[in-house]
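Quick notes on the structure that follows.
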There are 2 protein chains.
Amino acid sequence: MQSFTEENYLKIIYHLSLNTESAVQTNAIAERIQTKAASVTDMIKKLADKKLVDYKKYQGVKLTESGKNAAINIVRRHRLWEVFLVEKLNFKWDEVHDIAEELEHIKSPELIERLDEFLAFPRNDPHGDPIPDKNGKLDNTVFIKLSKLKTGDKGLIMGVSEHSSVFLQHLEKIGLTLGKQIRITEITDFDGSVELSIENKQINVSREVAKSILIKI
Amino acid sequence: MQSFTEENYLKIIYHLSLNTESAVQTNAIAERIQTKAASVTDMIKKLADKKLVDYKKYQGVKLTESGKNAAINIVRRHRLWEVFLVEKLNFKWDEVHDIAEELEHIKSPELIERLDEFLAFPRNDPHGDPIPDKNGKLDNTVFIKLSKLKTGDKGLIMGVSEHSSVFLQHLEKIGLTLGKQIRITEITDFDGSVELSIENKQINVSREVAKSILIKI
DNA sequence: ATATTTTTTTAGATTTGTCTAAACTTATAG
DNA sequence: CTATAAGTTTAGACAAATCTAAAAAAATAT
Ligand SMILES: [Mn+2]
Ligand SMILES: [Mn+2]
Ligand SMILES: [Mn+2]
Ligand SMILES: [Mn+2]
């Protein structure tokens, strides 16, 4: 069984691994986990001792099979708790992350299986991210960034790739929430901002924002 | 804000205070928290620095007003989570304590208020213990031990004062669960065991067990 | 190819919570 | 009242997770 802290490292390493084939760098972990590189090196050694990561000095880390399983399990717990908070306790999608950050460390397999059942086996969390099943299996459908669409394209909003409160509140405010249908009406040349129609309204989103919205065509 | 560990000490001290007017002893805390007296002394000093307990060397501790508030808050969280686990996730009353022991430390006042609402503001936990309200107010109705009743007395089972899994499973098995009506039919002289009728069945419980069952006449 | 910059690791210190062994205080028994 | 026992505290050590400062390795630029 891993400590709180070890679990946090495993999860961060897992998320950083998704963006790249190569090993995850010490500094990248340090930045994400809000700590110093020296501390990361210490923890990496510990995880390597426990065979949760493969580590060669100065070469970064990769999760082992068992490290990856552990990480996916934490992700599963995090996302299930987020669903609970939104669906059952009526939190908004921008309010749940920090609480789930704590709840994800509760150690009880039984608890998670029952929570999953209570929530009717949800496939996605409130931000559209897929929830790994009990065996760690993950729906790996990849969606397209809104910023990649062309004028005239239609699609459904399936998720967001940025989870900050300000960003999510902004989307809520302009009506860009999960499941809504959109159609691109224009893409401004000079700044790449996107004009789109959604529920018979015309709205404009910056390229910056468009990059973090995930669409299924 | 207190650490996990500090919270555990506060809660234990609170529970031990309930049985006595005088100060809580170091060894009593050590036994309950599964640690050594020396460790308790260290922690007591820390809690005293934070003005959560009053402490004079060799004289034991008492919670201050603010320590008591903190403790009651932890008890509130523990009992609300126990209700959640039993009512919503279908755990049995003997399975929830350890999980609630972890959940009680999640720090989010908003979470607890919403959980309370989601559960429809329960007054008692699955073991019959009262749940403090948001302001720390606690229903302090005291019930009578089954072992104090006389032949012919009738009453309702309102709670248990022992929470171990074996004990609760035993009660479940012989049908002595919360809310049931009982009537004492005989008290055996030599061992103090109690014979009672419940739902038209006659059962016999040892004096030991009878001491831990709480009754409203 | 060498110099400079960036990244990573080590060494040594700190904080939190724990422990053992020894010293000290309080309670109890004769 | 004194001796012994029981309970508590101190001193010193240790493991986990962190930090700063300095050293070492790798990447990059000229
Ligand atoms: Mn999240
Ligand atoms: Mn999420
Ligand atoms: Mn409990
Ligand atoms: Mn309880």
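Within every chain, numbering begins at 1; the chains are lettered A, B, ... in the order of the sequence lines, protein sequences first and strands thereafter. Note that the structure is predicted; figures quoted are calculated from it, not measured.
DNA chain C is contacted by no residue of residues 66-75 of chain A, taking any non-hydrogen atom closer than 4.0 Å. Using a 4.0 Å cut-off on heavy atoms, the residues of residues 17-39 of chain B that approach DNA chain C are B:Thr35, B:Lys36, B:Ala38, B:Ser39, listed by number.
Within 4.0 Å (heavy atoms only), A:Phe4 reaches no atom of the nucleic acid at all. Heavy atoms of B:Thr41 sit under 4.0 angstrom from at least one base atom.
Using a 4.0 Å cut-off, no side-chain N or O of A:Lys45 falls inside it from OP1 or OP2 of C:dT9. Contact annotation: A:Lys57 reaches the phosphate of C:dT10 (side-chain N/O to OP1 or OP2, under 4.0 Å). A close approach under 4.0 Å does occur between a side-chain nitrogen or oxygen of B:Tyr9 and OP1 or OP2 of C:dT18.
Shown here are the salt bridge (Lys or Arg N to Asp or Glu O under 4.0 Å) partners of A:Glu101, two or more places apart in sequence or in another chain: A:Lys11. B:Glu172 is linked by a side chain to side chain donor-acceptor pair (under 3.5 Å) to B:Trp93, counting only residues two or more places apart in sequence or in another chain. A search for side-chain contact (heavy atoms from CB on, under 4.5 Å) contacts involving B:Glu31 returns nothing, not counting sequence neighbours. Here A:Asp153 pairs with A:Leu149, A:Lys150, A:Ile184 under the side-chain contact (heavy atoms from CB on, under 4.5 Å) rule; sequence neighbours left out. Under the salt bridge (Lys or Arg N to Asp or Glu O under 4.0 Å) criterion, A:Arg207 pairs with no residue at all, not counting sequence neighbours. For A:Ser3, there are no side chain to side chain donor-acceptor pair (under 3.5 Å) partners, not counting sequence neighbours. Partners of B:Gln59 according to the side chain to side chain donor-acceptor pair (under 3.5 Å) rule, which considers only residues two or more places apart in sequence or in another chain, do not exist here.
Along DNA chain D, the nucleotide nearest B:Gln59 and the nucleotide nearest A:Thr5 are compared for position; the residue whose nucleotide lies closer to the 5' end is B:Gln59.
For B:Tyr58, taking side-chain heavy atoms from C-beta onward, the closest of the listed nucleotides D:dT18, C:dT10, C:dT25 is C:dT25.
When rounded to the nearest whole Å, the span between CG of B:Asp42 and C1' of D:dA11 equals 10 Å.
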